[in-house]
Amino acid sequence: RASIECVTRRMSLTQRQLASFSSEGWLDLGPVLSTEEIDTHRAAYDSCLAALAERHAGDDNLLPDISRPPRPGLQVHQIRAAHLQHEVFAELIRRPQITDAVASLVADDLKIILCQGLYKPPRIGGELNWHQVCAANPTASMLAVLPSDRPRTRCLCADRAVPWPRVALTDLCRAWCQDDAYFETESVGHKVAPLVSCWVTFDDATVDSSCMWVLPGGHASGVLEHATAQGLHLEGIDESIARPVELKAGHAMLHHGAMPHRTLPNTSPNPRRAVAIHYVPANATTRNSFRQGEPPENTPLVRSGSGAKL
């Protein structure tokens, strides 16, 4: 009972937390799901992956049966617009413990610009900069990547597979990026940040299983120039100050849109299932021509100034 109350109460950030985020550019939000809810979200996650596998079962054997260990060389799965794929994710993006904390940093009225499920299978997951794929086609509902020995990768949309040039997966698995560089949002009257990303993991996220890495204080430099070859990514990062943010299942972290961050391959024997929810002020617009074509249901309002869920 106590654990459930812990994760459902409203929670604006304290002054200490606000100061820490302003200085460091990220914040461990702690538990946002109860033990029972973790199981529910894992089941929903697997259900979405299974639906994608079934939808494209006849498409050149793109995806394995997820009940078996993935084939060597198969890369990351993604659930695009996860809040439209299952009701538990639609609730998660509106969960007051998350949105109240984000409102302390962004604005009282919030919408999301993207909610994506990021799946890293055991042993092999993660040798891809997922921001590069998402930025390329914001209207895709679910995505997957072919084994790296195939001549081309594909973006799996609702009814077709779109070819993309092959990328240097080994190099991009260690690529640093900034969310602000991809979303290119503009807003009026935001608080600490114009965009804050919330990363919620449904499995323990460790260094071995592909936790998030950040550069504490790196957001203070603003949006940096990104290399464009094989997708946007940062070069010349001083990794000596990099910090891994390990999280227990059901926990969440927040990071500033200008925070350089990355995840590495999952070398553990366990899956790493997580979602990234990117929050912006309700009045935010984007300069990104791809994202200007987002259907409105992909970017719903999730919090009003009164604190009520929408």
Side-chain angles (χ1 to χ4, degrees), residues 20-28 75-76 78 113-114 116-120 124-136 138 143 145 148 153 164-185 192-201 205-247 252-267 272 274-280 287-288 290-291:
S20 177
F21 185 91
S22 295
S23 172
E24 298 294 303
W26 71 278
L27 183 69
D28 186 340
Q75 304 304 318
V76 181
Q78 185 192 50
I113 195 166
L114 179 65
Q116 52 185 335
L118 301 170
Y119 173 55
K120 295 209 172 182
I124 62 172
E127 295 189 5
L128 183 73
N129 180 341
W130 271 107
H131 292 80
Q132 178 260 332
V133 178
C134 294
L143 303 172
V145 177
S148 57
T153 58
W164 295 99
R166 183 172 178 175
V167 297
L169 298 176
T170 302
D171 293 335
L172 286 180
C173 73
R174 293 174 173 81
W176 292 88
C177 56
Q178 294 172 299
D179 291 337
D180 279 346
Y182 297 94
F183 296 117
E184 298 182 288
T185 57
V192 179
L195 182 150
V196 166
S197 298
C198 179
W199 201 69
V200 185
T201 181
T206 67
V207 170
D208 291 337
S209 68
S210 190
C211 68
M212 186 74 72
W213 289 72
V214 298
L215 295 178
H219 66 299
S221 299
V223 181
L224 304 174
E225 183 177 355
H226 284 58
T228 58
Q230 299 177 326
L232 292 177
H233 62 280
L234 293 168
E235 296 181 336
I237 291 294
D238 178 9
E239 297 187 1
S240 66
I241 63 171
R243 172 173 176 172
V245 182
E246 295 187 309
L247 297 177
M253 67 168 289
L254 305 177
H255 70 260
H256 193 290
M259 167 58 69
H261 62 283
R262 70 173 181 186
T263 60
L264 297 176
N266 179 4
T267 60
R272 197 230 60 199
V275 295
I277 312 167
H278 307 281
Y279 292 96
V280 294
R287 301 184 305 276
N288 185 299
F290 291 109
R291 297 200 175 278

Say whether, by atom type as modelled, one donor and one acceptor occur between the side chain of [X] and the main chain of [Y] under 3.5 angstrom.
{"X": "E184", "Y": "R291", "value": "no"}
{"X": "H261", "Y": "M212", "value": "no"}
{"X": "D179", "Y": "S197", "value": "no"}
{"X": "K120", "Y": "L264", "value": "yes"}

Report task. Would you tell me whether Q116 and H278 have side-chain atoms, one donor and one acceptor, within less than 3.5 Å of each other? Result -> yes
Query raised in the report: Is there a side-chain contact between V280 and F183, using heavy atoms and a 4.5 Å cut-off?
Result: no
Query raised in the report: Does the side chain of V245 come within less than 4.5 Å of V214's, by heavy atoms?
Result: yes
Query raised in the report: For Y182 and N288, what are the C-alpha separation, side-chain angles and deciding distance, and is it a side-chain contact (heavy atoms from CB on, under 4.5 Å)?
Result: CA-CA 8 Å; Y182 297 94; N288 185 299; 5.6 Å; no
Requested in this report: Show the numbers, then the answer: is there a salt bridge (charged side-chain N to carboxylate O under 4.0 Å, His left out) between E239 and R262?
Outcome: CA-CA 11 Å; E239 297 187 1; R262 70 173 181 186; 3.2 Å; yes
What residues form a side chain to side chain contact (heavy atoms under 4.5 Å, CB included) with [X], not counting sequence neighbours?
{"X": "H219", "result": "H256, A258, M259"}
{"X": "S22", "result": "V192"}
{"X": "A274", "result": "W199, T201, R272"}
{"X": "P244", "result": "V207, C211, W213"}

Measure the spacing between [atom1] of [X] and [atom2] of [Y] and express it to the nearest 0.5 Å.
{"X": "L27", "Y": "M253", "atom1": "CG", "atom2": "CE", "result": "8.5 Å"}
{"X": "N266", "Y": "D208", "atom1": "CG", "atom2": "CG", "result": "8.5 Å"}
{"X": "Y279", "Y": "L195", "atom1": "OH", "atom2": "CG", "result": "11.5 Å"}

Query raised in the report: What heavy-atom pair brings V200 and A252 nearest, and what distance separates the two atoms?
Result: CG2-CB, 3.9 Å
Report summary line: Shortest non-hydrogen pair, L118 vs A276, comes out as CD1-CB, 4.1 Å
**Report entry** T206: side chain to side chain donor-acceptor pair (under 3.5 Å) partners, not counting sequence neighbours
**Finding:** S209
